[in-house]
Amino acid sequence: MAAVLCQSIGSCIDFVCTAPCKLCGSSCSGGCKSCCGGLGSLCRTPLAAFVAVTFMIQLPVAVISVMELLTLLSCPTGSGWLAGMLVTAIAHMGTSVYVVGRVGNKLDETLRDRHTAWKRISYLLCRDIWVAIYIPIACFFAIWVVVGTVWQWQGKMGKSDGGADDDCSDELEYRVSIVLGLSWTYLFLSPMVLSCSLCCACCDSRDYAATDEEFAIAAMEGKGQQQ
């Protein structure tokens, strides 16, 4: 059952990833080819769905939060809360791309002896320093969403520095509501997508590590560039 589910998810991801390349046609330019190559390396990993969900939710959060940075001094509660969400959104997107890039990198020296996606992902989740830094940020994100929800219920988001509502626009509370909805969605959806991705990683038997010859060629090319 798990294998059938993984095949279905993989087929959908492959279609989304290869669609831009198919539109290029036979007269694909060099730039398009390099773009298609980048999409292919991203979509070949089981974490591609998790990265897609992260960007679909966190990118709007980052854009909306940036819009209110100019009102940080006059409306510190609402704009300050959005500033915190901007930091977590950047951390979510950056970490997802970092992990999927490491998993799909055949020439990663640290992951050289870890050939399957599951072994690579488990190593990064347990031993990678950047993932270790991200975990407290993820915990802060969950707490910050709850704090923002309480402040929204108490009507504090639209308050200015002096306690009045005059200095804060009505759009601030509206944008806070949008970010709250997206954040709660991500808080519940991302663990489910990540769990499915990890199940797919267990089903994935592909070899993600390069051969000794490929490592040797890469080392020679690196020495040549340094010289």
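Trp151 is listed as a side-chain neighbour of Thr77, based on a closest heavy-atom distance under 4.5 Å. Residues Thr54 and Tyr186 meet the side-chain proximity criterion, which asks for heavy atoms closer than 4.5 Å. Counting only heavy atoms from C-beta outward, the side chains of Val97 and Phe55 approach each other to under 4.5 Å. At a threshold of 4.5 Å between non-hydrogen side-chain atoms, the residues Val179 and Leu82 count as touching.
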What verdict does the salt bridge (charged side-chain N to carboxylate O under 4.0 Å, His left out) test give for Arg102 and Asp128, after you've listed the backbone C-alpha separation in whole Å, the side-chain angles of each residue and the deciding distance to 0.1 Å?
CA-CA 11 Å; Arg102 290 288 303 272; Asp128 187 78; 3.3 Å; yes

Residue pair Thr116, Arg206: steps toward the side chain to side chain contact (heavy atoms under 4.5 Å, CB included) verdict
CA-CA 6 Å; Thr116 63; Arg206 288 174 292 178; over 6 Å; no

Starting from the C-alpha separation in whole Å, work towards a yes-or-no answer on side chain to side chain donor-acceptor pair (under 3.5 Å) for Trp81 and Ser65.
CA-CA 9 Å; Trp81 182 81; Ser65 300; over 6 Å; no

Start with the C-alpha gap between Leu189 and Val53, add the side-chain angles, then the distance that decides, and say whether side chain to side chain contact (heavy atoms under 4.5 Å, CB included) holds.
CA-CA 8 Å; Leu189 185 61; Val53 169; 3.8 Å; yes

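Here the side chain of Thr95 pairs no donor or acceptor atom with the backbone of Tyr134 at under 3.5 angstrom.
Applying the salt bridge (charged side-chain N to carboxylate O under 4.0 Å, His left out) test to every pair with at least one member in residues 181-201, sequence neighbours left out, gives no pairs at all.
Tracing side-chain contacts under 4.5 Å through hydrophobic residues (I, L, V, M, F, W, Y), one never reaches Val66 starting from Met93; they form parts of separate clusters. Grouping the Ile, Leu, Val, Met, Phe, Trp and Tyr side chains by contacts below 4.5 angstrom, directly or via other members, places Leu86 apart from Val147. Linking ILVMFWY residues whenever their side-chain heavy atoms come closer than 4.5 Å, directly or via other members, leaves Leu180 and Met67 in distinct clusters. By the rule that hydrophobic residues join a cluster once side-chain heavy atoms approach within less than 4.5 Å of another member, Ile143 and Ile133 end up as members of one cluster. Both Leu124 and Ile129 are part of a single hydrophobic cluster, where members link through side-chain heavy atoms under 4.5 Å apart.
Of all heavy-atom pairs spanning Gly78 and Val176, the tightest one is O-CG2, 4.3 Å. Minimum interatomic distance between Ile137 and Ala91 (heavy atoms only, all atoms of both residues): CG2-CB, 3.7 Å. Ala83 and Leu69 get closest at one heavy-atom pair: CB-CD2, 4.0 Å. Taking each heavy atom of Lys106 and Arg120 in turn, the nearest pair found is O-NH2, 4.1 Å. Shown here for Tyr208 and Pro46, the closest heavy-atom pair between the two residues is OH-CD, 3.5 Å.
For the atom pair CD1 (Ile57) and OG (Ser183), the distance works out to 9.0 Å, reported to the nearest 0.5 Å. To the nearest 0.5 Å, the span separating CD1 on Ile64 from CG on Leu59 amounts to 10.0 Å. Here the CD atom belonging to Glu171 is positioned 9.5 Å from the CD1 atom belonging to Ile178, to the nearest 0.5 angstrom. Rounding to the nearest 0.5 Å places CH2 of Trp144 at 15.0 Å from CG of Leu187. Residue Ile121 holds its CD1 atom at 8.5 Å from CG of Leu194, rounded to the nearest 0.5 Å. The OG1 atom of Thr149 sits 7.5 Å away from atom CE of Met157, with the distance rounded to the nearest 0.5 Å.
Residues Phe141 and His92 place their aromatic rings such that the two centres sit under 6.0 Å apart.
By the 30° and 60° cut-offs, the orientation of the rings of Trp130 relative to Tyr98 is perpendicular.
When each of Asp113, Val131, Thr110 is tested with Tyr123 by the rule side-chain contact (heavy atoms from CB on, under 4.5 Å), just one qualifies, namely Thr110. Only one option out of Cys200, Ser195, Ser96, Cys196 pairs with Phe50 in a side-chain contact (heavy atoms from CB on, under 4.5 Å); it is Ser96.
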